[in-house]
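Heads up, the thing below is written out as C-alpha cells.
When a residue number appears, it is its place in the shown sequence, counting from 1.
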Amino acid sequence: MERSRAVDVFAVDRFIALVERLIGLPWPIRLDQFDSTAQQLGWSPTSMPGLLTGEFASGKQRIMVTKDEDKNISVVSLPFFRPEGEGVEEIGLVNDAFVAYAAAGVEAWGKPFRIVIDRYSHVAWSYPQSVIVELMRYERFVDLSFYTPQGILAY
C-alpha cells in the first residue's frame, strides 16, 4: 500500500518508539526528578511544573504530566497529532492519524483491552509493567495518555 503525504506526517514509527520508551522507564518517577528523562525524550521544561514541550507530528506541542499525592508521576498526556486549521480536511486528517496510530499499536502490541468507537473514539492497551496506554481521537487532535502504575487507580 502506498503511503500518502498525509500519513507520512503522522510519524507512526515515532509513536510506537515513544510509547515503548515510556513503558520501559523505571516507574515510579517523582515529578521533580523527571527533567533528565524528559530531556532524553526530547522534551523541554517550561516555567510551569508539570508542563513540558516537545516536537510531535504536527509541530511543537505541550505535554502535561500529572502527579499523585506522593508527587510520583501518574499520567503523561501528549497531544500527538494536532493539525493547523479547523476545516473538514483537518478533521479528516485527525481521523486518519488516529486510525494509523491505532493500527500500528495493534500490530506492535496486539488487541487493545478497550475499544470505543464514537464521537471521541479511543483504544487502550495494558502492559505487564502495570501501565496503560490510551489513544483518543477528539475532533481536532489525537491525544495519548500514558498511565503509570500510580495513575492506573485514576483510570
Side-chain angles (χ1 to χ4, degrees), residues 1-25 27 29 31 34 37-38 40-44 46 48 50-68 73-155:
M1 178 174 124
E2 183 179 318
R3 292 180 94 183
S4 72
R5 181 182 155 281
V7 172
D8 289 340
V9 169
F10 302 153
V12 173
D13 295 338
R14 186 170 177 215
F15 164 73
I16 297 298
L18 177 59
V19 169
E20 289 180 353
R21 286 274 315 269
L22 290 172
I23 291 169
L25 291 175
W27 302 106
I29 301 173
L31 182 59
F34 192 63
T37 301
Q40 290 172 9
L41 294 169
W43 302 343
S44 302
T46 66
M48 297 184 67
L51 278 182
L52 305 160
T53 59
E55 288 290 330
F56 295 95
S58 49
K60 191 175 223 171
Q61 301 290 335
R62 290 185 187 169
I63 301 151
M64 188 170 78
V65 181
T66 58
K67 61 183 177 3
D68 64 11
I73 294 174
S74 57
V75 182
V76 179
S77 297
L78 312 133
F80 225 85
F81 183 75
R82 181 186 304 263
E84 290 185 25
E86 297 184 17
V88 173
E89 182 178 339
E90 287 80 8
I91 292 172
L93 288 174
V94 168
N95 190 62
D96 290 349
F98 174 79
V99 170
Y101 290 139
V106 168
E107 186 176 317
W109 310 306
K111 184 179 176 183
F113 77 89
R114 177 171 293 154
I115 301 171
V116 175
I117 306 298
D118 62 12
R119 183 175 180 195
Y120 301 115
S121 296
H122 63 277
V123 292
W125 292 269
S126 179
Y127 301 92
Q129 298 87 338
S130 298
V131 298
I132 292 175
V133 173
E134 181 177 47
L135 182 67
M136 187 157 200
R137 180 190 51 81
Y138 294 93
E139 290 177 358
R140 305 276 182 229
F141 64 96
V142 177
D143 182 77
L144 173 76
S145 293
F146 181 84
Y147 295 85
T148 71
Q150 291 68 32
I152 286 183
L153 298 176
Y155 186 76

Taken in chain and number order and not counting sequence neighbours, the residues that satisfy side-chain hydrogen bond (donor to acceptor under 3.5 Å, both in side chains) with T46 are none

Nearest heavy atoms of A100 and V12, plus distance in Å: CB-CG2, 3.9 Å

A124 and I132: which non-hydrogen atoms are nearest, and at how many Å? CB-CG2, 4.3 Å

As a quick check of understanding, evaluate side chain to side chain contact (heavy atoms under 4.5 Å, CB included) for L144 and F56, giving each step before the final call. CA-CA 12 Å; L144 173 76; F56 295 95; over 6 Å; no

Any L25 side-chain heavy atom under 4.5 Å of T37 side chain: yes

First locate atom CZ of F146, then atom OG of S74, and finally report the distance between them rounded to the nearest 0.5 Å. 11.5 Å

Residues that S145 engages under side-chain hydrogen bond (donor to acceptor under 3.5 Å, both in side chains), provided they are two or more places apart: D143

By side-chain hydrogen bond (donor to acceptor under 3.5 Å, both in side chains) - contacts of E20 (at least two apart): W109

About how many Å separate CZ of F81 and CG of D96, when rounded to the nearest 0.5 Å? 8.5 Å

At their closest point, which heavy atom of I16 faces which heavy atom of G105, and how far apart are they? CD1-N, 3.9 Å

Got a sec, which residues hit ring-ring contact (aromatic ring centres under 6.0 Å, His included) with Y138, two or more places apart in sequence or on another chain? Y120, F141

Evaluate L18 against L78 for side chain to side chain contact (heavy atoms under 4.5 Å, CB included), listing each step before the verdict. CA-CA 11 Å; L18 177 59; L78 312 133; 4.3 Å; yes

Do P149 and V131 come close enough that some side-chain heavy atom pair is under 4.5 Å? yes

Can you tell me how far the CH2 atom of W27 sits from the CD atom of Q129, to the nearest 0.5 Å? 12.0 Å

Residue pairs involving residues 108-136 (criterion salt bridge (charged side-chain N to carboxylate O under 4.0 Å, His left out); sequence neighbours excluded): R119-E139

Determine whether V123 and Y101 make a side-chain contact, defined as any pair of heavy atoms from C-beta on separated by less than 4.5 Å. no

For a 4.5 angstrom cut-off between non-hydrogen side-chain atoms, does D68 reach T148? no

Looking at side-chain heavy atoms only, is the closest gap between M64 and L51 below 4.5 Å? yes

Listed by chain and number, what are the side chain to side chain contact (heavy atoms under 4.5 Å, CB included) partners of L31, not counting sequence neighbours? V65, K67, I73

Could you pull out all residues at least two apart from F34 that satisfy ring-ring contact (aromatic ring centres under 6.0 Å, His included)? none

What residues, two or more places apart in sequence or in another chain, satisfy side chain to side chain contact (heavy atoms under 4.5 Å, CB included) together with S44? T53

Using the test side-chain hydrogen bond (donor to acceptor under 3.5 Å, both in side chains), find all partners of S121 that sit at least two apart in sequence or belong to another chain. R137

If every non-hydrogen atom of I152 is compared with every non-hydrogen atom of S130, which pair is closest and at what distance? CD1-O, 2.8 Å

Qualifying residues under side chain to side chain contact (heavy atoms under 4.5 Å, CB included), relative to V106, sequence neighbours excluded: P112, W125

Taking all atoms of both residues into account, what is the closest heavy-atom pair of A97 and V142, and its distance? CB-CG2, 4.2 Å

